[in-house]
Amino acid sequence: MGLKLPKIKRYKKQMPAYGGADFKTDRSLLPFSSASRFYNFDFSSGVLRKGYGVKAHKFVPEKATRYWLYRFYSQDRGEYVDMYYYQLPSGNLVWYDQFKNKHIYVTAFPFAPLDVINYRVNSEDVLLLSCEGRKLITWNGTALVEYENSPTISSMAIHYERLFVTSRDERTRVYFSKNLDPTQWEIGIDGGGFIELLDERGYFNKVVSFGNYLYIFRDHGISRVTAYGDQTEFSAVNMFVTAGRIFPSSIATCGNTIMFLASDGLYRFDGYNCVRVLTDIFASILPDDNCACAYFDGKYYLACKMDFKDDETVGCESGEYKTNGLIAFDPVTGEYSISRGLNISFMNACSYGGEDYLMCCENGKGGVITLGSARFDEPLPSCWTSGQMDMSAPDKVKFVTDLLFSNDDNGSDDRVTLKIIADGTEYEMPVAHSQDIRLNLSGRKFGFELKTDSGSVNITPLCIKYGMF
């Protein structure tokens with residue numbers, strides 16, 4: 001009588017596309033396409049490409065810690081011109097005269113970190129400046145003027161030709177200037193005034209003009225102000241309350257929505273309703289008010305502190321830092337990427353010299369956000385780690401025979417490392433552009449990890465061939 005051998009069934013498991021990360025679900029429960037660890041990759045097209053990094057730029061001085069554009073009408077040239085101006089680590093403000101090709105100090109004395117708005121006052125294009133310890137300041141390209149009758153300012157917004165501000169001293173009030181004149185603050189029926197709200201939503205931290213309303217972001221909620229021309233018709237209603245604390249440094253208007261970070265989630269606000277987004281990765285965010293944010297090219301960029309729950313050190317993490325993660329989120333599609341190792345303290349979307357760019361200050365050095373996962377020409381490692389898969393048969397032993405890998409980016413230098421984890425045992429190997437990797441591994445659970453320092457990759461979804469009794 002012949003010996004009967006068990007019949008081995010052959011299977012092939014094709015990943016449909018690389019998906020996002022899930023930092024809250026146990027890795028043993030994740031689908032093949034979800035990552036239990038993920039940084040410095042972009043997966044918006046379904047393949048893995050390098051994520052966002054920082055590089056130097058011809059229009060951004062290396063010493064710029066904050067940076068803005070000033071558009072004004074030049075009487076000498078008879079046309080509108082643009083120039084950029086920036087704040088140095090010392091606090092001094094400098095502007096660049098493109099016609100004289102010179103960097104010129106606005107003032108010899110330093111400021112605390114500035115917030116700036118472009119506005120037109122008395123038929124003149126000016127900048128409205130505010131910072132801690134100072135009143136409202138204007139600059140017309142020649143002279144700085146400080147208005148002692150203004151409140152101290154923690155945030156400001158132009159809304160229906162008035163300047164609305166939150167105050168560092170009176171934190172339950174929003175002050176507003178005279179109509180058409182943000183330099184006049186005397187309280188009166190034809191002048192300025194204030195709106196005060198006392199309830200559980202807490203202090204006022206930031207004002208945002210959005211749609212037809214002014215929104216006040218508070219410690220634990222949002223209030224909405226209807227404020228057209230006549231101040232006697234101003235009114236306020238409360239819109240949203242949360243037990244978490246809202247961090248004003250994370251608030252950005254993003255097209256038809258406002259994005260912000262709170263201690264209990266990352267939110268999208270449409271003017272009426274707040275919805276939590278990116279709930280699967282929020283567990284990795286360590287919320288505080290050291291954020292930086294901007295809206296650029298359809299994406300909300302949020303620099304924040306993140307815990308990647310490993311023992312590795314990436315980029316800025318080898319020293320002191322306030323942020324180490326950069327999330328680029330599309331509020332319309334929900335797509336995102338996560339960069340790691342960047343200590344970004346400021347961002348601002350700019351258009352100058354016929355070019356659009358997202359200026360940033362990374363670890364005290366001025367540059368721009370760009371694809372490429374590098375930190376001023378220093379490559380940042382990228383990582384994508386799958387969960388632990390049991391191929392829907394947890395009690396059976398699987399024999400992995402082949403793994404199909406493809407990196408079809410012609411500019412790649414092939415520095416990709418593939419790690420296979422079989423029942424906790426790790427096997428690591430370098431992989432090239434496209435190859436059928438022959439394996440002879442057995443186990444009940446398998447995981448995969450891809451790592452690279454390469455500047456350009458295009459890694460298509462993996463395919464696994466395996467057998468099972």
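By convention here, the first residue in the shown sequence is residue 1. What you see below is based on every heavy atom in this structure, not just the backbone, and it leaves out hydrogens, waters and symmetry mates.
Using modelled atom types, one finds a donor on one side chain and an acceptor on the other under 3.5 Å when comparing N101 with Y96. T166 and S154 share a side-chain donor-acceptor pair at under 3.5 Å. Residues N205 and R171 bring a donor and an acceptor atom of their side chains to less than 3.5 Å of each other. For the residue pair S74 and D76, no side-chain donor N or O sits within less than 3.5 Å of a side-chain acceptor on the partner. No side-chain donor-acceptor contact under 3.5 Å links Q87 and T65. Counting only N and O atoms by type, the side chains of Y175 and R173 include a donor and acceptor under 3.5 Å apart. Residues R218 and S223 bring a donor and an acceptor atom of their side chains to less than 3.5 Å of each other. Between N140 and E124, the side chains place a donor N or O and an acceptor N or O closer than 3.5 Å (distance only, hydrogens not considered). No side-chain donor from either of R224 and Y215 sits under 3.5 Å from a side-chain acceptor of the other. Checking D22 against S34 by side-chain atom types alone, no donor-acceptor pair falls below 3.5 Å. Defined by atom type and a distance below 3.5 Å, a donor-acceptor pair is missing between the side-chain atoms of D270 and N256. Neither side chain, D307 nor S284, offers a donor N or O lying under 3.5 Å from an acceptor on the other. The closest side-chain donor-acceptor pair between S167 and D169, if any, does not fall under 3.5 angstrom. Y86 and H103 share a side-chain donor-acceptor pair at under 3.5 Å.
Aromatic ring centroids of F308 and Y39 lie under 6.0 Å apart. For an aromatic pair to be called close, the ring centres must be under 6.0 Å apart, and F72 with Y70 satisfies this. When ring centroids are compared, F240 and Y267 come within the 6.0 Å threshold. Between F23 and F38, the ring center distance fails the sub-6.0 Å criterion. For F43 and Y336, the ring centers are positioned less than 6.0 Å apart. When ring centroids are compared, W185 and Y147 stay outside the 6.0 Å threshold. Aromatic ring centroids of F59 and Y352 lie under 6.0 Å apart. Residues F41 and W384 place their aromatic rings such that the two centres sit no closer than 6.0 Å.
One N or O on the side chain of Q231 and one on the backbone of G188 form a donor-acceptor pair closer than 3.5 Å. The closest donor-acceptor contact from the side chain of K135 to the backbone of S150 lies under 3.5 Å. Between the side chain of S249 and the main chain of C291, a donor-acceptor pair closer than 3.5 Å is present. The main-chain N or O of D288 is never found under 3.5 Å from a side-chain atom of R245 such that the two would form a donor-acceptor pair. Remark: side-chain polar atoms of S373 are paired, donor with acceptor, to backbone N or O of N40 under 3.5 angstrom. Formation of a donor-acceptor pair under 3.5 Å by the N324 side chain with backbone atoms of M306 is found in this model. Judged by distance alone, the side chain of S250 and the main-chain N or O of F247 form a donor-acceptor pair under 3.5 Å. Under the 3.5 Å distance criterion, the side-chain polar atoms of R415 are left unmatched by any main-chain donor or acceptor of T452. Side-chain atoms of D82 do not come within 3.5 Å of backbone N or O of L69 as any donor-acceptor pair. A donor-acceptor pair under 3.5 Å is formed between the side chain of T460 and the backbone N or O of S406.
A side-chain contact (heavy atoms from CB on, under 4.5 Å) with V368 is found for one member of V54, V60, L358 and no other, namely V60. Evaluated for a side-chain hydrogen bond (donor to acceptor under 3.5 Å, both in side chains) with K50, the options S339, S382, S456, S337 yield exactly one hit, S382. Residue F234 forms a ring pair (Phe, Tyr, Trp, His ring centres under 6.0 Å) with just one option from Y160, F176, Y213, and that option is F176.
Within the 4.5 Å cutoff, side-chain heavy atoms of L114 are placed close to those of L93. The shortest distance between side-chain heavy atoms of K305 and I285 does not fall below 4.5 Å. With contacts defined as side-chain heavy-atom distances shorter than 4.5 Å, the pair E355/S351 does not qualify. D219 has its side chain out of reach of I246: every pair of non-hydrogen atoms, C-beta onward, lies at least 4.5 Å apart. Proximity of S386 to M15: side-chain heavy atoms (C-beta onward) are nowhere separated by under 4.5 Å. L302 has its side chain out of reach of M259: every pair of non-hydrogen atoms, C-beta onward, lies at least 4.5 Å apart. I158 has its side chain within reach of L128: a pair of non-hydrogen atoms, C-beta onward, lies under 4.5 Å apart. Using a 4.5 Å heavy-atom threshold, the side chains of N407 and V431 count as separate.
Rounded to the nearest 0.5 angstrom, S36 OG and L30 CG are separated by 6.5 Å. Once rounded to the nearest 0.5 Å, the distance linking SG of C293 with CD1 of I251 reads 8.0 Å.
Taking the six-membered ring where tryptophan is involved, the planes of F164 and H159 are perpendicular, since the angle between them exceeds 60° and thus also 30°.
Heavy atoms only, all atoms of each residue included: G366 and M359 are closest at CA-CE, 4.3 Å. Of all heavy-atom pairs spanning N118 and L127, the tightest one is OD1-CD2, 3.3 Å. Nearest heavy atom pair, residue F296 against residue A349, reads CD1-CB, 3.8 Å. Residues L261 and Y300 approach most closely at N-OH, 4.5 Å, considering heavy atoms. Between A328 and K299, the closest heavy-atom pair is CB-CD, 4.2 Å.
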Using the ring-ring contact (aromatic ring centres under 6.0 Å, His included) rule, take F346 and Y67 through it: C-alpha gap first, then chi angles, then the decisive distance, then the call.
CA-CA 9 Å; F346 178 83; Y67 177 102; 8.4 Å; no
Go through Y119 and E161 one step at a time and tell me if the side-chain hydrogen bond (donor to acceptor under 3.5 Å, both in side chains) criterion holds.
CA-CA 9 Å; Y119 194 60; E161 305 304 331; 2.7 Å; yes
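With respect to the salt-bridge test (charged N to carboxylate O, under 4.0 angstrom), the residues D310 and R340 qualify. The pair K178-E186 does not meet the salt-bridge criterion, since no charged nitrogen lies less than 4.0 angstrom from a carboxylate oxygen.
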